[in-house]
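To find a chain, count down the sequence lines: A is the first, B the second, and so on, and within it residues start at 1. When reading the values below, keep in mind they use all heavy atoms of this one structure, side chains included, and skip hydrogens, waters and symmetry mates.
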Amino acid sequence: MEIALKIKALKGFKDIVPGEVLLWQYLERVARDVFDRFHFREIRLPILEETELFARSIGEATDIVEKEMYTFVDKQVTMRPEATASMVRAYIEHGLYVEKPVQRLFTIGPMFRHERPQKGRLRQFHQMDVEVLGSENPRVDVELIAMGAMLLDELGMQVSLELNSLGCPACRPGYRAELISYIDKRHDLLCSDCKRRSTTNPLRVLDCKVPSCREQIVDAPSILEYLCDQCKDHFGKVQAGLEQLGVPYRLNKFMVRGLDYYCRTTFEFITADLGSQAAVAAGGRYDGLVEILGGPKNSPGIGFAIGMERLVLLLQQQQAVIPEDEVDLYIAGIGEQGSRKGFELANAMRARKFSVAMDHEGRSLKSQMKQANKAGARFVFIIGDAELESGKGILRNMLGNEEQQEVLLSAAALADALPESLVS
RNA sequence: GUGGGCGUAGCUCAAUUGGUCAGAGCACCUGGUUGUGACCCAGGAGGCUGGGGGUUCAAGUCCCCUCGCUCACCCCA
């Protein structure tokens with residue numbers, strides 16, 4: 001170890017080093033392309049918001065708000081634990097609903113939750129968040145879900161889609177009461193967590209992983225049987241739409257949400273390859289949220305978030321196409337004069353849109369060739385005393401075997417000698 | 001907040017019952033006749049074995065404490 005390098009990144013905070021960044025960029029590139037095809041526009045949002053925003057939207061009693069937020073207590077501001085609240089805040093603040101009745105937005109960036117880190121779960125993590133604000137049409141639900149499926153498919157992900165409806169303020173309370181009475185009858189047979197849940201968040205009992213609890217809830221009342229006519233109709237159209245587009249899904253009447261604002265359609269794209277962090281993307285409808293945050297009444301919304309760390313983990317373990325780092329041209333100078341000329345050419349070639357690498361440490365030609373190879377250079381241009389003398393450098397094709405040619409020591413000649421496909 | 005696993009070179013890991021055990025592979029650097037990569041060969045650099053204390057003639061190797069990492073629970077993307 002060098003000098004006291006004692007300061008390390010915080011627990012749950014990770015550097016994404018250059019070798020991994022390629023994968024992240026690939027992920028973002030594919031995602032932006034898909035979002036664009038579905039005509040979503042990017043919005044960039046602040047990372048810090050008033051604490052109140054999250055308390056009101058996510059819910060005071062949720063775990064996120066109760067114990068996982070990074071809050072500056074003396075300032076009443078919080079590092080965002082998710083993006084939907086900010087998205088809706090911006091939607092209201094800028095009157096976006098006036099500019100365009102239905103807004104289709106996405107944002108990409110870091111989120112912060114103070115949880116114990118584990119596989120696929122960090123304290124600073126990254127999400128791609130997609131939202132449609134201003135439409136209640138079930139076709140929007142279908143389109144959004146289909147987009148998620150298309151994105152994951154294009155990334156080569158093996159995931160499955162689970163779907164449920166949570167009802168609305170008109171029908172959920174009735175169901176909740178039924179469920180509570182069902183749970184209470186079996187209270188003694190539940191695990192300790194579920195005993196606690198039965199009062200704090202009874203719906204959570206439905207997705208407990210303890211086998212004995214699962215046995216108890218197999219016959220629990222299903223929300224789907226308690227949906228009001230409007231919700232039932234809406235959910236039916238969502239399912240029909242998914243079938244029309246050929247998006248496979250599985251009904252999961254036990255799937256619930258951790259955030260208060262969700263209603264009606266909820267869905268998760270899950271994988272079996274990430275340990276306990278199975279959800280790579282999840283979301284749902286939140287028709288009351290805009291109004292709760294002070295926006296216009298009757299402003300429905302739906303969206304979902306994609307966990308980028310989780311996707312990167314999957315890409316890595318599924319050994320998906322890992323893009324390689326490479327440069328077009330490596331300039332190898334021999335001796336002070338040669339590297340001096342090379343230095344000038346490198347700059348000129350970069351101005352001509354070629355990516356160019358060069359060594360400044362006075363390495364031997366052999367060493368520079370090795371560097372060029374490692375950098376993934378397509379071509380190496382060699383300039384030494386002899387070349388300065390003749391006015392022509394040696395252009396070597398690194399992909400072929402021993403293919404070399406002489407090229408005048410000028411950026412114009414060099415650019416002509418290189419394949420046009422390299423120009424970026 | 002609760003539980004389990006683990007901490008030896010940049011990375012992945014070895015080191016018999018505590019006694020040349022501080023190593024290998026990869027990566028890195030330099031060479032293999034004057035100025036040419038990938039493969040190969042030869043050298044080299046790199047670790048106070050996470051930190052502190054204890055037991056012992058002797059400790060990566062045993063005990064205690066501490067810090068860190070990791071997986072899982074809770075919860076969630």
How far, in whole Å, is [M] from [N] if one measures between their [atom1] atoms?
| N | M | atom1 | value |
| --- | --- | --- | --- |
| B:U56 | B:U17 | C1' | 16 Å |
| B:C62 | B:G19 | C1' | 14 Å |
| B:G47 | B:G23 | C1' | 11 Å |

What I want to check is whether an N or O donor and acceptor connect the side chain of [X] with the base of [N] at under 3.5 Å.
| X | N | result |
| --- | --- | --- |
| A:Q118 | B:U70 | no |
| A:R121 | B:C75 | yes |
| A:Q368 | B:G35 | no |
| A:K366 | B:G32 | yes |

Subject >> Sugar-phosphate only, base, or nothing, as touched by A:L122 at under 4.0 Å among non-hydrogen atoms >> reply: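 Here A:L122 touches the bases of the nucleic acid.
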Original post:
How would you label the contact of A:D385 with the nucleic acid (heavy atoms, under 4.0 Å): base, sugar-phosphate, or nothing?
Top reply: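 Base contact.
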[X] [atom1] to [N] [atom2], straight-line distance once rounded to whole Å:
| X | N | atom1 | atom2 | value |
| --- | --- | --- | --- | --- |
| A:I270 | B:A77 | CD1 | C1' | 13 Å |
| A:D15 | B:C69 | CG | P | 13 Å |
| A:Y330 | B:A38 | OH | C1' | 15 Å |
| A:R123 | B:U70 | CZ | C1' | 14 Å |
| A:K8 | B:G7 | NZ | C1' | 10 Å |

Subject >> More than 12 heavy atoms from other groups under 6.0 Å of CD on A:E50 >> reply: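 Atom CD in A:E50 is not crowded, with 12 or fewer foreign heavy atoms closer than 6.0 Å.
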Original post:
Are there more than 12 heavy atoms of other residues, nucleotides or ligands under 6.0 Å from atom CZ of A:R37?
Top reply: yes
Original post:
Which atom names give the shortest non-hydrogen contact between A:V256 and A:L203, and what distance separates them?
Top reply: CG1-O, 3.5 Å
Original post:
Is a side-chain donor-acceptor pair under 3.5 Å present for A:R363 with A:Q368?
Top reply: no
**OP:** Can you label the angle between the A:Y70 ring and the A:F112 ring as parallel, tilted or perpendicular, going by 30° and 60°?
**Re:**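 Perpendicular: the ring planes of A:Y70 and A:F112 meet at over 60°.
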Among [options], which is the nearest nucleotide to the side chain of [X]?
| X | options | value |
| --- | --- | --- |
| A:N373 | B:C74, B:G37, B:A72 | B:G37 |
| A:E115 | B:G35, B:C29, B:A77 | B:A77 |
| A:M398 | B:G37, B:U36, B:U30 | B:G37 |

